[in-house]
Participant: 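Okay, here's the structure, questions in a sec.
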Amino acid sequence: MDKLIITGGQPLRGEVRISGAKNAALPILAATLLADGPVTISNIPHLRDVTTTMELLGRMGVELVVDERMRIKVNSASIRKFFAPYELVKTMRASILVLGPLLARYGRAVVSLPGGCAIGSRPVDLHIQGLAKMGADIRVEGGYIHARAKRLRGARLFLDTVTVTGTENLMMAATLADGTTVIENAAREPEVVDLAQCLVAMGARLTGAGTDVIEIEGVASLSGAQYEVLPDRIESATYLVAAAITGGCVRVKCTRPSLLEAVLEKLIEAGAVLDIGDDWIELDMRGQRPHAVAVCTSPFPAFPTDMQAQFTALNATAEGVGIITETVFENRFMHVDELRRMGADITVKGNTAIINGIEKLTAAPVMATDLRASASLVLAGLVAEGDTVVDRIYHIDRGYQCIEEKLRQLGARIQRIPG
Ligand code: EPU
C-alpha cells in the first residue's frame, strides 16, 4: 500500500488548478445510462472513484472512450448486464447511483447493498422507498437490491433526511417516468444542480434543482449530450486550508467561489485575508497562526461535512479553543485519534469535538480511514515537526487528483512511497 511522507514546516505558496468535482462526475457518469445516444463529459477528475465507476459501467457492457482532450464519451447502447457487484460497490458506495437510471431506462437492476462505512452506517432506505413509491417492485435479498419496473410512475416523494445521492438517484429515475415527480426536502448541493443541468442537456424536463423542491416531468427518452463537470469545491477548500494551516499564501484557480461561502466565512474568522475573482480565490495568512473557529456541519448551503476533518486539523494548531459539531454523519471523527497521535489536544463528546489548539504538532506514523480524514492528516503533516508518514492513502486517491504533485507545486515537502 502506498504511503505519503510529509516533512512539515513549509508555508505553502503559489497557484493550484482545481479539478472537476468527484461528487458531480460520479452521478453524471451514472446518468449516461439514461441516454439513447453518446454522452461526452469533460473536466472529469482523474480519481480512483471515477475509474471504479468506469469499470462498473464497462462490466455492464457500456462503451467508454477517453479522447485526447481527456473527455469521456459514454455510449450505453451496448449494455448487456444490469448488475452492480458487491466487489465494486464495497469499494465505492456511489455505485448505488446506477440503480435509478437502470430501473428507469431498462426496467431492471440488481445492485449490491453498500455495506458499513468508516463514517457512519449510511443506509440507502430513502433511495429504495422512493423508487418503490414510483412503482418499482423491490426486494432485498442476499445483500443485493433486486428491482424491476415496467415503467416508473411519477410520484410525490418527501425525503425524511436530506440525502445527496438519494436525491440524485430519484431525480434520474424520474426523468423517464410516466408523469410528474416532485421531490420534497431535496438536497440542494451544487453537485445535485450539476447533475440536473446535465440531465436537462440530455432533454430532461426538470426545475427547482438547487432548492428543496425539485419537479421532474417524465419524458419518453433522453438523448446524448455534451457536458462539463463543475469544479470541486471540497478540493478547492482543502487547498485553502492547506494555505491557512501553514501560514502561507495560495491561489486556487478554475474554481467556483460562490459555492464556498460557508467555508470562506470560517477561513476569514480564522484570520485569513481573501481575494476573490470570478473563478479563483487567493488566501493569504500573512505568516500568522490561525485562530480557532467553531464549525457545525449541515447540508448545503451550510458548512459541508466533507470539510469537517480538515477544519479539525486547522483547529488543532490554531490559537484558542475550536469546536466542531458533526450533524450529518454519526461517526465522522476517525481522524481525531490519528491527530492525537501527532499531539493534538482533542476531546470528543457525542457529535462534538473540542479542540485545544497547540503551537506545534509532532510527526508520527498515522493511518487514513476515509477520504476526508486522510486529507486532514496530510494537512496536519504539513505543519508537524518532523516526517509524518500517512499510511493507507488509497483513500485519498479516491478523491484528490495528484495531491502530492499539487502540494509539491506549492512548495510542500511530500513524497509518495509505493508499497
Ligand atoms: N441517509 C439515510 N437514508 C438514506 C440516505 C441517507 O438515512 O437512504 C442519511 C445518511 O446516513 C446520512 C445523511 O442521510 O446521515 C446524509 O447522507 P447522504 O445520503 O447525503 O450522503 P451520500 O449521498 O451517501 C454524499 C457524498 C458524500 C458527502 C455526503 C453529504 C457523493 C458520492 N457522496 O454522500 O461525500 O459526505 O453526500 O454531503 O456524493 C466524500 O466525498 O468524501 C463523501 C463522503
Side-chain angles (χ1 to χ4, degrees), residues 21 23-37 39 41 94 96-107 109 124-138 147 149-230 233 256 258-259 298-302 328:
N23 289 348
L26 302 182
I28 287 172
L29 280 167
T32 62
L33 290 168
L34 293 161
D36 283 350
V39 181
I41 315 165
I96 190 76
L97 287 165
V98 299
L99 178 63
L102 283 179
L103 199 54
R105 172 82 173 80
Y106 299 99
V124 289
D125 55 321
L126 298 170
H127 304 229
I128 294 175
Q129 278 167 26
L131 292 170
K133 211 158 175 208
M134 294 170 80
D137 178 12
I138 304 189
K150 273 215 173 73
R151 186 175 178 197
L152 292 171
R153 293 187 304 270
R156 179 186 162 268
L157 309 173
F158 180 85
L159 303 177
D160 284 343
T161 308
V162 177
T163 159
V164 175
T165 50
T167 302
E168 292 167 345
N169 232 340
L170 297 171
M171 197 165 80
M172 289 189 280
T175 57
L176 292 179
D178 184 14
T180 299
T181 300
V182 179
I183 306 176
E184 290 179 33
N185 201 27
R188 291 182 281 166
E189 267 63 7
E191 294 75 20
V192 174
V193 179
D194 210 39
L195 169 65
Q197 283 169 355
C198 177
L199 292 169
V200 168
M202 288 159 63
R205 294 213 186 113
L206 187 157
T207 54
T211 75
D212 58 2
V213 182
I214 302 176
E215 194 168 316
I216 309 116
E217 191 189 323
V219 292
S221 64
L222 293 178
S223 57
Q226 298 206 353
Y227 196 74
E228 182 180 331
V229 173
L230 95 163
R233 64 193 166 104
R256 214 174 278 177
S258 60
L259 308 181
S298 252
F300 192 83
V328 179

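Every heavy atom of this structure was used, including side-chain atoms; hydrogens, water molecules and symmetry mates were not.
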Participant: Can you tell me how far apart CD (Q129) and CG (L159) are? Round to the nearest 0.5 Å.
Facilitator: 9.5 Å
Participant: Taking T163's backbone N and O only, do any of them form a donor-acceptor pair with T161's side chain (distance below 3.5 Å, no angle check)?
Facilitator: no
Participant: Answer yes or no: is there a donor N or O on one side and an acceptor on the other, between the side chain of S223 and the main chain of M202, under 3.5 Å?
Facilitator: yes
Participant: Identify the two heavy atoms, one from L103 and one from A136, that lie closest to each other, and give their separation to 0.1 Å.
Facilitator: CD2-CB, 3.6 Å
Participant: With rounding to the nearest 0.5 Å, note down the distance linking CD1 in I128 to NZ in K133.
Facilitator: 16.0 Å
Participant: Heavy-atom distance under 4.5 Å between the side chains of R105 and D36, does that happen here?
Facilitator: yes
Participant: If I compare all heavy atoms of G208 with all of I214, which pair ends up nearest, and what's the gap?
Facilitator: O-CG1, 3.8 Å
Participant: How close do I138 and A132 get, heavy atom to heavy atom, and via which atoms?
Facilitator: CD1-N, 4.1 Å
Participant: How far apart are the C-alpha atoms of L102 and L33, what are their side-chain angles, what is the distance that settles it, and do they pass the side-chain contact (heavy atoms from CB on, under 4.5 Å) test?
Facilitator: CA-CA 7 Å; L102 283 179; L33 290 168; 4.0 Å; yes
Participant: Taking C-beta and beyond as the side chain, do L176 and L152 meet within less than 4.5 Å on heavy atoms?
Facilitator: no
Participant: So E215 and E184, do their side chains get closer than 4.5 Å, heavy atoms only?
Facilitator: no
Participant: Can you name the closest pair of heavy atoms from A173 and A104 and give their distance?
Facilitator: O-CB, 3.5 Å
Participant: Applying the side-chain contact (heavy atoms from CB on, under 4.5 Å) test to T167, which of D212, L195, V192 qualifies?
Facilitator: V192
Participant: Answer yes or no: is there a side-chain heavy-atom contact under 4.5 Å between P27 and E191?
Facilitator: no
Participant: Can you tell me which residue among L34, V39, T32 is in a side-chain contact (heavy atoms from CB on, under 4.5 Å) with L222?
Facilitator: L34
Participant: Taking the side chain as every heavy atom from C-beta outward, state whether L259 and L230 have any atom pair closer than 4.5 Å.
Facilitator: yes
Participant: Any idea which heavy atoms bring A177 and G154 closest together, and the distance?
Facilitator: CB-N, 4.0 Å
Participant: For V219 versus R151, what's the shortest heavy-atom pair and its separation?
Facilitator: O-NH2, 3.3 Å
Participant: Report the C-alpha distance between D194 and V229 in whole Å, list the side-chain angles of each, state the deciding distance to 0.1 Å, and finish with yes or no for side-chain contact (heavy atoms from CB on, under 4.5 Å).
Facilitator: CA-CA 7 Å; D194 210 39; V229 173; 4.1 Å; yes
Participant: Nearest 0.5 Å, please: how far is CG in D178 from CZ in R153?
Facilitator: 9.0 Å
Participant: Counting only N and O atoms by type, is there a donor-acceptor contact under 3.5 Å from the side chain of R256 to the main-chain atoms of P190?
Facilitator: no
Participant: For the atom pair CD1 (I96) and CG (L26), what is the distance rounded to the nearest 0.5 Å?
Facilitator: 13.5 Å
Participant: Do I28 and C198 pass the side-chain contact (heavy atoms from CB on, under 4.5 Å) test, and can you show the C-alpha distance, the side-chain angles, and the key distance before you say yes or no?
Facilitator: CA-CA 7 Å; I28 287 172; C198 177; 3.9 Å; yes
Participant: What distance do I216 atom CD1 and L157 atom CG have between them, rounded to the nearest 0.5 Å?
Facilitator: 8.0 Å
Participant: To the nearest 0.5 Å, how far apart are CG in L199 and CE in M171?
Facilitator: 5.5 Å
Participant: Does the pair M172 and L97 meet the rule for a side-chain contact (heavy atoms from CB on, under 4.5 Å), with working shown?
Facilitator: CA-CA 9 Å; M172 289 189 280; L97 287 165; 3.9 Å; yes
Participant: Is it true that a side-chain atom of E217 and a backbone atom of T180 form a donor plus acceptor pair closer than 3.5 Å?
Facilitator: no
